[in-house]
Amino acid sequence: MPIAVDIDVMLAKRKMSVGELADRVGITPANLAVLKNGRAKAVRFATLAALCEVLECQPGDLLRWEAEVEAEAEIEAAAGG
């Protein structure tokens, strides 16, 4: 998918755990993991707004577009190929 999710980056910058973020945003850790790992097909604006409020960031700090070629290269690298 050409939309990359950088929640891990913001979590590290804020020194916050996934569990704490999920609790403060009001979603389950499992749903946050789906979003964080790039497996979500959609995200509600209300959820995105809550993430930005808790992490004190902009939507662009959490989401970025990357060309399909880059995305495929990342998938291959992650698969060990």
Side-chain angles (χ1 to χ4, degrees):
M1 176 175 283
I3 301 297
V5 182
D6 292 327
I7 291 175
D8 282 340
V9 174
M10 291 307 297
L11 282 171
K13 286 182 179 179
R14 302 297 186 250
K15 295 180 173 66
M16 188 181 297
S17 70
V18 172
E20 181 183 353
L21 179 60
D23 187 49
R24 292 178 61 183
V25 169
I27 61 176
T28 67
N31 283 342
L32 181 56
V34 168
L35 179 60
K36 182 174 77 72
N37 295 325
R39 295 188 317 258
K41 302 236 185 272
V43 61
R44 293 180 186 273
F45 280 169
T47 302
L48 183 59
L51 287 166
C52 290
E53 182 178 353
V54 171
L55 293 170
E56 298 178 351
C57 66
Q58 295 295 313
D61 296 325
L62 301 177
L63 304 173
R64 64 183 158 80
W65 177 85
E66 58 185 31
E68 284 290 334
V69 174
E70 293 175 24
E72 289 173 9
E74 283 186 12
I75 290 169
E76 285 181 20

Notebook entry, point to check: Where do Leu55 and Arg14 come nearest, in terms of heavy atoms and distance?
Noted result: O-NE, 2.6 Å

Next item on the list: Go through the structure and list residues passing side-chain hydrogen bond (donor to acceptor under 3.5 Å, both in side chains) with Ser17, not counting sequence neighbours.
Entry: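 With neighbours one apart ignored, the set is empty.
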
Check: For Asn37, which residues count as a side-chain hydrogen bond (donor to acceptor under 3.5 Å, both in side chains) partner, sequence neighbours excluded?
Finding: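 None.
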
Next item on the list: Hey, could you give me the CG/CG distance between Leu32 and Leu35, rounded to the nearest 0.5 Å?
Entry: 6.5 Å

Notebook entry, point to check: Out of curiosity, Leu21 CG to Met10 CE, how far, rounded to the nearest 0.5 Å?
Noted result: 10.0 Å

Holding to salt bridge (Lys or Arg N to Asp or Glu O under 4.0 Å), I want the full list of residues that pass it with [X], two or more places apart in sequence or in another chain.
X: Asp6; answer: Arg64
X: Arg24; answer: Glu20
X: Asp23; answer: none

Checklist line | Residue pairs fulfilling side chain to side chain donor-acceptor pair (under 3.5 Å) with at least one residue in residues 42-59, sequence neighbours excluded | finding: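 Every pair satisfying side chain to side chain donor-acceptor pair (under 3.5 Å) with a residue in residues 42-59: there are none.
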
Check: Linking I/L/V/M/F/W/Y whenever their side-chain heavy atoms sit closer than 4.5 Å, directly or via other members, would Val34 and Val18 fall into one cluster?
Finding: no

Checklist line | Met16 and Val54: CA distance, side-chain angles, deciding distance, side-chain contact (heavy atoms from CB on, under 4.5 Å) verdict | finding: CA-CA 10 Å; Met16 188 181 297; Val54 171; 4.1 Å; yes

Margin query: Leu51 vs Leu62, test: side-chain contact (heavy atoms from CB on, under 4.5 Å). Steps then yes/no.
Written below: CA-CA 9 Å; Leu51 287 166; Leu62 301 177; 3.8 Å; yes

Notebook entry, point to check: Which residues satisfy the side chain to side chain contact (heavy atoms under 4.5 Å, CB included) test with Pro59, sequence neighbours excluded?
Noted result: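 Pro59: side chain to side chain contact (heavy atoms under 4.5 Å, CB included) contacts with Leu48, Cys52.
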
